[in-house]
Each structure stands twice: as structure tokens, then as C-alpha cells.
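Proteins get letters first, then strands, A, B, ... in listed order; numbering begins at 1 in each.
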Protein chains: 2
Amino acid sequence: MTSDLEVRLRAASLRVTRPRLAVLAALRDHPHVDTDTVIALVRADLPAVSHQAVYDVLRALTDAGLVRRIQPAGATARYETRVADNHHHVVCRSCGAIADVDCAHGQAPCLTASNDHGFVIDEAEVVYWGTCPDCAALNKTSQANEGSEGKA
Amino acid sequence: MTSDLEVRLRAASLRVTRPRLAVLAALRDHPHVDTDTVIALVRADLPAVSHQAVYDVLRALTDAGLVRRIQPAGATARYETRVADNHHHVVCRSCGAIADVDCAHGQAPCLTASNDHGFVIDEAEVVYWGTCPDCAALNKTSQANEGSEGKA
DNA sequence: ACCCAAGACTGGAATAAATCAAGTTTAGGA
DNA sequence: TCCTAAACTTGATTTATTCCAGTCTTGGGT
């Protein structure tokens, strides 16, 4: 139940509060959602939670390493509870859908940059850009229509 | 001179205007700058250019493939004129500095995701996170001081 | 060389995401 | 049970970006 989430909070020496449990539960059940969606999900349980509380909680959880913040270019911040491994993401260019991708090269992927310019690199983040199955299907349909009836 | 930039614009069938030439010149001389900096650089030459014009120009140039837009998580949009190859970037966590990194794996880097969830992938974007030489040097200094005099 | 229409630019307002600030409530150790 | 630091509420503010209406300019056509 929620006791698992409670344990995780205590392990990170964070206070156990209803907003925090609600945020963790929301992210566990809905990976890759943005802050607005988290707020909506949390308010389904606790209607009185302020948006600021959610922002605070997300920051505290991120700092504590309980959630991971991802932010593909041009999108708002999204969060997930899968933090143990350093996995990557595929992002749909048209609808913004995100899916997890395990790293192809075992543990540290392309972590060896060809020329690091003296930077001390501690993480290689990979974002795969493309089209999700749903949008691909839609595109195929509309393309088929284009030939016969021009643009919609 | 600027004629090179003019040629690039015409090749993309874009009108040649002073704001566009100024934006291209600014990005050629200062890679990886954000929109605000572009505005400042452009206004050094053309003081009357509106911020909206710069936003419009950056979008037009990006759509035409003359500049590339990059946006590391938590940062504002940045632009560069190096578009021919699909190179990557190192980003400094503390100061936000960005440097180019050629892909270690030749042309298409880690473009083969282990499980693509049915996505049609067309690009693999890699962001290396770390500490730039300057910030690394600063950290080393302040860490050395910590032992003797606590926090500043 | 001149004209003019599409496209580009100006000025100003509006939106969205995120943060700041001041005061109130609450978790959890003493 | 009490108390304090941490967490939360309310509401304003900042920052990056976009929208909109009107004006100017580029460059193809005459």
C-alpha cells in the first residue's frame, strides 16, 4: 500500500506528509506526467493541496533522489519514480508522449565523449526523438487522404 | 564577409533582411547563446530590432535548418549555426556553459534503442552533464578552504 | 527604374511555467 | 504533551515565449 512510499520518504529522511505521499503515488501510477497533471492527480485525493506545495514536493523529492526530473527540449518538466537505473527516453515529436528505453550499451552508454573539452562528465543523457505508434498511424491516414482531396 | 550568410539565406529561399543577417552573424561568432544574448548582440549593430523580430528570425532559421535549437533541461533555448552534422553537447551543471562534442560512434550514434516501444526514431540526442574546467577549478579551491575556515 | 503584394518587423499586450515571500499549520523528536 | 523546524497556503511576481494589429520592406513583375 502506501506504506512502501512512506518507507521511501523516511529512508531519505524526509517528513511523511499527505501531499508527499500523494505525489509519489501519482507518479508511481502515471510516469512521465508534467507538474500540472501531478497537481490534478494529487487533488483527486486531496483537493486542498496548493500548486506551490506540489512544486515544493517535486523539488524535495528530486533533490532526495526519489524522483527523476526529465525535460525534453520545448516541453515542460516531467517526473518519474524510476530512479535506480540510468535509463533513457523516446519522445514523440507530435504529441509529446514519452516511453522508457533501457540503455543499449549496458550500463554507461556513450559516456565516453570523443573530446570532452576538459569537462568532468558524470552523466550521459540520451533522448530519442521520433513518432509514437499512434501519431504514426494518424499520419499514414492523413497522408493517404492528401492525394485524393488535397489538404483538409 | 556577410555575403556568405546572404547566400545561405537565399539558398533556403528566405528573404535577406538586416535582422536575419545580424542574427546569423551573432550565432556564428557566439555559439550556444540564448535568445536574450542574441537580442543584445543584434542590437549592438541594429539598435531598433524588436525582441519579437529576433524570436521570429530564430524560428524561421530553425525551421529552414540554418540554425539548430538546443535546450538542455532547466535552461532556456540556445542556438548554434553548426547544423551539418549531428553532434552533441556537454553542459556544465553549475554555470550552464556548453561545448560541442563529436559523436564517438561515427555518424549515427546510439540511434538503435534497445526497445523502441513501436516509436519510429529519427534522431538520438545526447547531452553530457558535468562540470566545466572553470567551475571544477573553483570547486577545488572552495573545498580546500572548507576544512580550515568552514563555510564562507 | 518603379510598383506592389507577400512576407517581415514594430510595439504592446497576453500567456504559461515556475519562483518568491509572508504568514499558518503540522510532523515528529525531546 | 510541548515545541521547533519543516512543510504548507495564499497570493503576488518573474521570466521566457507567444499572440495580435498595424506598418514597413524585400524582391519579383512590368
* Structure fact -> Contacted region of DNA chain C by chain A, from 5' end to 3' end of the hits, cut-off under 4.0 Å to heavy atoms, spans C:dA17 to C:dG28

* Asked: Can you tell me if A:Arg43 uses its side chain to pair, donor with acceptor, with the backbone of A:Val49 under 3.5 Å?
  -> yes

* Is any side-chain N or O of A:Arg18 closer than 4.0 Å to OP1 or OP2 of D:dC8? -> no

* Asked: Start at the 5' end of DNA chain D and walk down; is the nucleotide closest to B:Arg69 or to A:Val57 reached first?
  -> A:Val57

* Asked: Is it true that the side chains of A:His30 and A:His32 contain a donor and an acceptor less than 3.5 Å apart?
  -> no

* To do: Starting from P on D:dT26, measure out to CZ on B:Arg10 and report it in whole angstrom.
  => 11 Å

* With a 4.0 Å cut-off, would you call A:Arg8 and A:Asp4 a salt bridge? -> yes

* Take atom CG of B:Asp56 and atom C1' of D:dT26, then tell me their distance rounded to the nearest Å. => 16 Å

* Kindly say if A:Arg20 contacts the phosphate of D:dA7, meaning a side-chain N or O under 4.0 Å from OP1 or OP2. => yes

* To do: Check whether any side-chain N or O of A:Thr17 sits under 4.0 Å from OP1 or OP2 of D:dC8, and answer yes or no.
  => yes

* **Close side-chain approach of A:Leu14 to A:Arg20, heavy-atom, < 4.5 Å** => yes

* Structure fact -> In whole angstroms, the gap separating P of D:dT17 from CG of B:Leu58 amounts to 10 Å

* Residues in contact with DNA chain D, drawn from residues 36-51 of chain A - heavy-atom cutoff 4.0 Å -> A:Ala48, A:Val49, A:Ser50

* **Under-4.0 Å salt bridge between A:Arg82 and A:Asp102** => yes

* Could you tell me whether A:Arg93 and B:Asp122 have a side-chain N and a carboxylate O separated by less than 4.0 Å? => yes

* Asked: Contact class for B:Ala60 vs. all strands (heavy atom < 4.0 Å): base, sugar-phosphate, or nothing?
  -> nothing

* To do: Name the residue closer to the 5' end of DNA chain C, choosing between B:Gln52 and A:Asp34 according to the nucleotide with the nearest heavy atom.
  => B:Gln52

* To do: Evaluate the side-chain proximity of A:Phe119 to B:Val91: yes if any heavy-atom separation is below 4.5 Å, no if none is.
  => no

* Structure fact -> To the nearest angstrom, the OH-C1' distance between A:Tyr55 and D:dT9 comes to 16 Å

* To do: Using modelled atom types only, decide if a donor and an acceptor are shared between the side chain of B:Thr62 and the backbone of B:Leu58 within a distance under 3.5 Å.
  => yes

* Asked: A:Glu80 and A:His89: side-chain donor and acceptor closer than 3.5 Å?
  -> yes

